[in-house]
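No hydrogens, no waters, no symmetry mates; every other heavy atom, side chains included, goes into these values. Reminder, nothing fancy here: chain letters follow the sequence lines and each chain counts from 1.
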Amino acid sequence: MGRDRILRLTAVCAGVLALAALVRPVGAQDLDSLRRRYQLAQLPSLEVASSASRSSPGNSSGSPSAYGANFGDGFAGLSYQESTRGGNTGDGSVSVGFGLLNSRDLIGLEVAVASLSTFREGFGQRGSISAKLHKALPKNYGVAVGIENLTNWGGTDGSRSVYGVVSKVFHLREREGDPFGTFTMNAGVGNGRFQRIPDFQANHDNINFFASGGLRVHEAVSLIADWTGQDLTLAASIVPFRWAPIVISPGVADVTGRDGNSARFVLGIGAGFKFSSVRNIFIPR
Amino acid sequence: MTKLFASCAAALLLSASVASAQGNGSDITGPSVTQSTIAGGIFAPSAGNVGTTAVPVTPAVSNAIVSTSNSIVATVSGGGTITNPVTGAAIPAAAATVAVSMMSSASPEIKAQVNNALSTSGASATVINTLMSTLPNLLSNPTPGQVAEALSAFNAVVNTANAGFLANPPPEFSAIFSVLSQIAASGNAAAKGR
């Protein structure tokens with residue numbers, strides 16, 4: 001009898017304990033456990049990519065932009081002309097550049113080193129160094145001042161040009177990758193190569209305006225109209241690969257044929273990147 | 001800061017002398033190589049996430065994500081079943097369809113249904129809205145970095161959801177979790193070469 005009572009008492013206690021376990025409120029430890037179970041593993045390659053680069057089609061062809069490279073950023077590019085203005089033969093230049101400081105925290109300084117007329121004269125025979133101070137402002141505004149061909153070797157027929165430019169990105173859609181997602185505008189004034197063609201050719205030192213706009217019609221494509229101060233360039237800018245930040249920008253320069261010049265095919269190819277992650281961009285794992 | 005910028009700008013301007021001799025200007029009549037515009041708009045500000053919008057580095061990861069996305073859509077469209085990876089329970093077909101729709105065309109009605117389901121989680125409206133904004137087109141036409149953003153946004157909801165919600169989640173949440181976990185698993189497997 002006593003044994004039965006003990007067994008019944010044990011069964012009752014076990015039942016009470018089980019019931020208590022069922023109705024016990026979820027504690028902090030259980031909440032942490034639940035959250036851990038629902039956590040999703042981030043994609044490691046994408047995390048690397050987010051700090052490596054982001055591709056975006058361009059918004060100007062010949063005119064400056066107020067946005068530029070910051071510390072750790074780099075870029076390289078190639079510019080080709082089917083024929084030079086008023087000439088019969090093609091030419092092209094290449095350049096590399098990097099950023100110093102940071103335009104969001106203080107000021108960014110972008111430096112570009114170009115090998116000019118490389119297609120005609122060979123790499124490094126003539127070249128120049130250009131610099132741009134740029135500052136990122138709220139609401140996607142940017143402002144910059146710069147000097148093209150600050151110094152050169154071997155001479156340049158492009159002159160030293162000082163400019164100031166304001167840029168703004170207008171977001172037209174909730175997601176900028178959507179069709180017609182953004183419009184970017186650059187407008188400024190400068191001397192040197194930004195002058196009207198007759199002033200430039202007469203070696204004057206006047207000031208003239210320039211402006212460009214890029215409409216991102218597709219995540220990977222933008223259409224560009226660029227008044228360089230001398231003539232109009234119409235171009236497209238294309239990001240052909242998702243996995244690499246290469247941008248290809250074919251266009252037609254001197255569209256209006258001012259001063260008797262003919263429209264010419266031009267092409268820009270370039271890439272921007274973080275120096276710290278170049279390997280991840282160009283050598284996919 | 002403004003003074004510093006002005007000072008540096010003045011220094012640059014002062015260092016520029018009168019334009020040097022011009023020829024036909026062939027050095028400057030094509031796309032500019034004197035600044036980073038030759039690299040496109042990569043340094044222009046992005047929509048609220050400057051420097052964080054990602055591109056898939058490896059084609060393998062990108063392909064794996066696309067393949068898994070297509071497989072999920074085909075499964076759900078064909079009446080197949082997806083399961084909650086945590087509970088192992090089959091997700092009701094209606095909820096699975098809602099999740100796929102939310103990650104595709106995302107009609108206002110579907111958005112409202114998902115938002116209502118998530119609003120019971122206890123997470124803030126901001127956190128929920130972030131997740132809601134990353135889901136449309138995820139299965140049909142994802143933008144670079146969207147998968148990573150969606151995973152982060154989902155984890156943010158989980159990290160602020162209450163215990164009752166996670167212990168007994170609404171089917172819409174379970175369906176979204178199921179889809180995202182499959183995508184994350186395939187992407188991670190591809191990244192590791194498996």
Checking [X] against chain B: side chain, backbone, both or neither under 4.5 Å from a heavy atom?
X	value
Tyr80(A)	backbone
Pro57(A)	backbone
Ile248(A)	neither
Ile238(A)	neither
Gln39(A)	both
Thr184(A)	neither
Ser63(A)	backbone
Ala41(A)	both
Ile129(A)	neither

Where do [X] and [Y] come nearest, in terms of heavy atoms and distance?
X	Y	result
Gly30(B)	Ser79(A)	C-OG, 3.9 Å
Gly77(A)	Ile38(B)	CA-CG1, 3.8 Å
Gly41(B)	Asn59(A)	CA-ND2, 4.1 Å
Gly272(A)	Phe43(B)	CA-CZ, 4.3 Å
Leu34(A)	Ala163(B)	CD1-O, 3.7 Å
Asp27(B)	Thr156(A)	OD2-OG1, 2.8 Å

Report yes if some heavy atom in the side chain of [X] is under 4.5 Å from a heavy atom in the side chain of [Y]; otherwise report no.
X	Y	answer
Arg193(A)	Ser32(B)	yes
Tyr38(A)	Pro169(B)	yes
Phe177(B)	Leu40(A)	yes

Which residue is it: Leu151(B), Asn188(B), Asn155(B)? I am looking for the one with a side-chain contact (heavy atoms from CB on, under 4.5 Å) to Gln42(A).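 Filter result, single survivor: Leu151(B).
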
For [X], is it the side chain, the backbone, both, or neither that has a heavy atom closer than 4.5 Å to a heavy atom of chain A?
X	value
Asn84(B)	side chain
Thr160(B)	backbone
Ala185(B)	neither
Phe173(B)	side chain

In terms of heavy-atom pairs under 4.5 Å, which option from Gly62(A), Gly142(A), Ser237(A) contacts chain B the most?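 Between Gly62(A), Gly142(A), Ser237(A), the count favours Gly62(A).
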
Between Ala112(A), Ser117(A), Ala69(A), who has the most heavy-atom pairs with chain B when the cutoff is under 4.5 Å? Ala69(A)

Could you tell me the separation between the CG atom of Leu116(A) and the OG1 atom of Thr34(B), rounded to the nearest 0.5 Å? 9.5 Å

Could you tell me the separation between the CG atom of Asp73(A) and the CD1 atom of Ile42(B), rounded to the nearest 0.5 Å? 8.0 Å

From CA spacing to verdict: side-chain contact (heavy atoms from CB on, under 4.5 Å), Thr29(B), Arg264(A): CA-CA 10 Å; Thr29(B) 54; Arg264(A) 302 171 293 119; 3.6 Å; yes

Just wondering, are more than 12 heavy atoms of other shown residues or ligands nearer than 6.0 Å to OH in Tyr141(A)? no

I'd like to know if the side chain of Arg35(A) reaches the main chain of Ala161(B), judged simply by a donor and an acceptor atom lying under 3.5 Å from each other, with no hydrogens or angles considered.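 Flag set: sc Arg35(A) to bb Ala161(B) pair under 3.5 Å.
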
Answer yes or no: is there a donor N or O on one side and an acceptor on the other, between the side chain of Gln35(B) and the main chain of Ser65(A), under 3.5 Å?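 Side chain of Gln35(B) to backbone of Ser65(A): a pair is present.
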
For chain A, the option from Ala184(B), Ser152(B), Gly40(B) that forms the most heavy-atom pairs under 4.5 Å: Gly40(B)

